[in-house]
Novice: 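Handing you a structure now.
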There are 2 protein chains.
Amino acid sequence: MPTYDHPRPALSVDCAVFGLSERGLEVLLVQRDLAPFEGSWALPGGFVREDEDLEEAARRELREETGLEGVFLEQLYTFGERGRDPRGHVVSVAWVALVNVRDHAVSAATDARDAAFFPVGDLPELAFDHDHILAVAEERVRGKVRYRPIGFELLPPEFTLAQLQHLYETVLGRELDKRNFRKKLLAAGFLEDTGEREEGVPHRPARLYRFDPEAYARLERDGFEMWI
Amino acid sequence: MPTYDHPRPALSVDCAVFGLSERGLEVLLVQRDLAPFEGSWALPGGFVREDEDLEEAARRELREETGLEGVFLEQLYTFGERGRDPRGHVVSVAWVALVNVRDHAVSAATDARDAAFFPVGDLPELAFDHDHILAVAEERVRGKVRYRPIGFELLPPEFTLAQLQHLYETVLGRELDKRNFRKKLLAAGFLEDTGEREEGVPHRPARLYRFDPEAYARLERDGFEMWI
DNA sequence: GCAAAAGTGTTGAAGGTACACCCATGT
DNA sequence: ACATGGGTGTACCTTCAACACTTTTGC
């Protein structure tokens with residue numbers, strides 16, 4: 001069966017991009033400008049070109065449809081059930097990203113009428129099996145945030161421990177004890193005190209911390225484990 | 001970009017099937033009977049047909065090339081780097097399975113000259129990027145066995161605690177304390193005492209246990225967690 | 001001085017690890 | 001009776017969860 005001419009499924013990529021706002025956890029959707037599902041909201045994504053790397057394809061679609069660039073993408077799962085796309089057999093490699101919404105203005109572009117963040121608890125009907133992909137993505141994020149410091153992409157580069165705790169509470173969907181949280185995170189050793197303080201708040205300003213990727217890489221290499 | 005005619009990568013599946021023997025952890029390989037890499041050893045796998053479900057494709061290839069059937073497959077990762085296949089752009093969805101070697105005779109068939117288990121520490125050169133896929137698969141198994149009772153597929157249906165402990169020690173690559181291991185596993189509540197004993201051993205015969213999938217499903221549903 | 005959030009320690013319970021001997025069976 | 005692996009309990013230590021008050025700042 002030669003590679004260049006046997007009949008084969010089409011291959012696409014789809015991205016579940018999560019952000020955080022006052023409304024809680026949100027996900028980036030685009031409004032489709034083409035059939036099928038024209039006018040429906042969907043995860044940003046599209047077909048992989050021949051000789052295109054999967055991650056590059058995901059980045060390209062994200063850039064083309066939403067204007068987002070430079071995010072960290074993690075491969076989630078590959079969905080290939082028959083019937084998931086009315087156009088025929090389309091296998092989709094799904095990716096997850098976490099972004100700080102304030103740093104990334106989104107704007108609709110190619111093939112997309114509009115692009116916007118929606119709270120995960122209040123979504124429109126989604127095209128294809130994107131509700132399923134999104135459920136898997138959310139589960140992955142919730143599962144992973146408990147043992148890997150992956151939430152930091154959702155915050156500004158410098159943040160207070162209260163903001164970080166709030167992030168964890170939002171993603172995990174439960175409250176955490178302030179003292180225990182601070183003890184655990186500071187003891188973990190990958191937070192760097194910037195020496196700076198919050199400004200312009202009508203109460204005692206909090207210290208600002210930074211995530212230290214090198215320190216974390218060192219800890220991980222040495223078999224460190226942390227659980228929230 | 002219509003689905004039915006745009007140029008697209010080819011899609012394949014590859015399976016990393018692990019088994020256990022006196023030699024330790026082993027993986028199932030096939031000797032290729034076709035170019036490219038004719039005569040090389042490789043993970044069993046092949047092209048996904050149009051309208052074929054991904055998992056079905058993995059099962060079909062496993063059956064055709066090695067005679068294995070009825071195993072539990074878990075999707076591992078999708079590999080799509082340019083240059084991983086000399087025939088062109090081939091994206092491969094990799095799957096992992098664990099099997100009890102004694103229950104599954106393997107035999108070469110379609111497109112494969114031979115099929116056999118090899119100890120993971122003593123492998124031949126592999127075709128394509130299969131050494132890389134296998135490394136990822138091994139990491140997944142080692143990681144997962146610590147918090148999910150996935151090792152049971154590697155043992156006969158009824159097994160002694162010593163066999164189970166040996167399995168964990170083999171997969172994890174370190175020794176475990178017998179008393180603590182027994183305490184933890186029996187307390188976990190998904191092992192069922194069959195009431196039977198080992199037979200024909202030149203020493204006190206051990207109790208035989210069975211993995212109880214329903215009990216485990218119940219525990220998992222209730223948010224149970226176990227760590228070795 | 002008042003409101004609002006920051007920051008800080010201790011105690012009790014549970015769980016994990018380390019460790020050594022007797023038991024049942026086959027030969 | 002001896003060799004071989006099966007089977008069992010305890011003490012210490014570490015880790016986790018629960019819990020309330022003082023401090024600093026802006027207004």
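Treat the numbers as computed from the prediction; the structure is a model and nothing was measured. Below, chains carry the letters A, B, ... as their sequence lines are ordered, and counting in each starts from 1.
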Novice: Is there a side-chain contact between Val101(A) and Val106(A), using heavy atoms and a 4.5 Å cut-off?
Specialist: no
Novice: Heavy-atom distance under 4.5 Å between the side chains of Phe18(B) and Val171(B), does that happen here?
Specialist: no
Novice: May I have the distance from Leu208(B) (atom CG) to dG7(D) (atom C1'), rounded to whole angstrom?
Specialist: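 Checked: the CG to C1' distance equals 15 Å.
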Novice: Applying the salt bridge (Lys or Arg N to Asp or Glu O under 4.0 Å) test to Glu158(B), which of Arg210(B), Arg197(B), Arg207(B) qualifies?
Specialist: Arg210(B)
Novice: Closest approach to the side chain of Arg207(B), judged atom by atom: which nucleotide of dG7(D), dG9(D), dA17(D) is it?
Specialist: dG7(D)
Novice: Would you say Gln75(B) and Trp95(B) make side-chain contact, with heavy atoms under 4.5 Å?
Specialist: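 Side chain of Gln75(B) against side chain of Trp95(B), heavy atoms only: contact under 4.5 Å found.
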Novice: For DNA chain C, determine which residues of residues 217-228 of chain B have any heavy atom closer than 4.0 angstrom to one of its atoms, and list them numerically.
Specialist: none
Novice: Please list, one pair per line, the donor and acceptor atoms closer than 3.5 Å that link side chains of residues 123-131 of chain B to other protein atoms, with sequence neighbours excluded.
Specialist:
unit_1    : atom_1 : unit_2   : atom_2 : d
Asp129(B) : OD1    : Arg84(B) : NE     : 3.3
Asp129(B) : OD1    : Arg84(B) : NH2    : 3.0
Asp129(B) : OD2    : Arg84(B) : NE     : 2.9
His130(B) : ND1    : Leu43(B) : N      : 3.0

Novice: Salt-bridge test for Glu225(A) and Arg146(B): reply yes if a basic N is under 4.0 Å from a carboxylate O, no otherwise.
Specialist: yes
Novice: Could you tell me the boundaries of the chain B footprint on DNA chain C, defined by atoms under 4.0 Å from its heavy atoms?
Specialist: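 Range of nucleotides touched by chain B: dT17(C) to dG26(C).
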Novice: Do you know the tightest heavy-atom contact between Phe211(A) and Leu191(A)?
Specialist: CA-CD2, 4.4 Å
Novice: Write down the distance between CG (Asn180(B)) and P (dA11(D)), rounded to a whole number of angstrom.
Specialist: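 Going from Asn180(B) (CG) to dA11(D) (P), I get 15 Å.
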Novice: With the criterion being N/O to N/O and under 3.5 Å, what pairs connect the protein with nucleotides 22-25 of chain D, and how long is each?
Specialist:
unit_1  : atom_1 : unit_2    : atom_2 : d
dT23(D) : O2     : Arg204(A) : NH1    : 2.9

Novice: Please work out which residues in residues 155-179 of chain A have a non-hydrogen atom less than 4.0 Å from an atom of DNA chain D and list them by number.
Specialist: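 The stretch gives Asp177(A), Arg179(A) as the residues lying under 4.0 Å from the strand, ordered by number.
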Novice: A side-chain contact here means heavy atoms from C-beta on lying under 4.5 Å apart; do Asp193(B) and Leu186(B) qualify?
Specialist: no
Novice: Hey, could you give me each pair passing salt bridge (charged side-chain N to carboxylate O under 4.0 Å, His left out) that has a residue in residues 57-70 of chain B? Not counting sequence neighbours.
Specialist: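 Listed once each, the pairs are Arg49(B)-Glu64(B), Glu52(B)-Arg60(B), Glu55(B)-Arg59(B), Arg60(B)-Glu64(B), Arg63(B)-Glu69(B).
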Novice: Taking all heavy atoms of Val141(A) and all of Ile150(A), pick out the closest pair and write down the distance.
Specialist: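 What the structure gives for the nearest pair is O-CD1, 4.2 Å.
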Novice: Between Arg32(B) (side chain only) and Asp111(B) (backbone N and O only), is there a donor and an acceptor less than 3.5 Å apart?
Specialist: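 Side chain of Arg32(B) to backbone of Asp111(B): no pair is present.
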Novice: Of Tyr168(B), Tyr209(B), Phe152(B), which meets ring-ring contact (aromatic ring centres under 6.0 Å, His included) against Phe159(B)?
Specialist: Phe152(B)
Novice: If you compare all heavy atoms of Leu68(A) against all heavy atoms of His104(A), which two are closest, and at what distance to 0.1 Å?
Specialist: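 Closest approach of Leu68(A) to His104(A), heavy atoms only: CD2-CB, 3.2 Å.
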Novice: Can you tell me how far C1' of dG7(D) sits from CD of Glu198(B), to the nearest Å?
Specialist: 13 Å
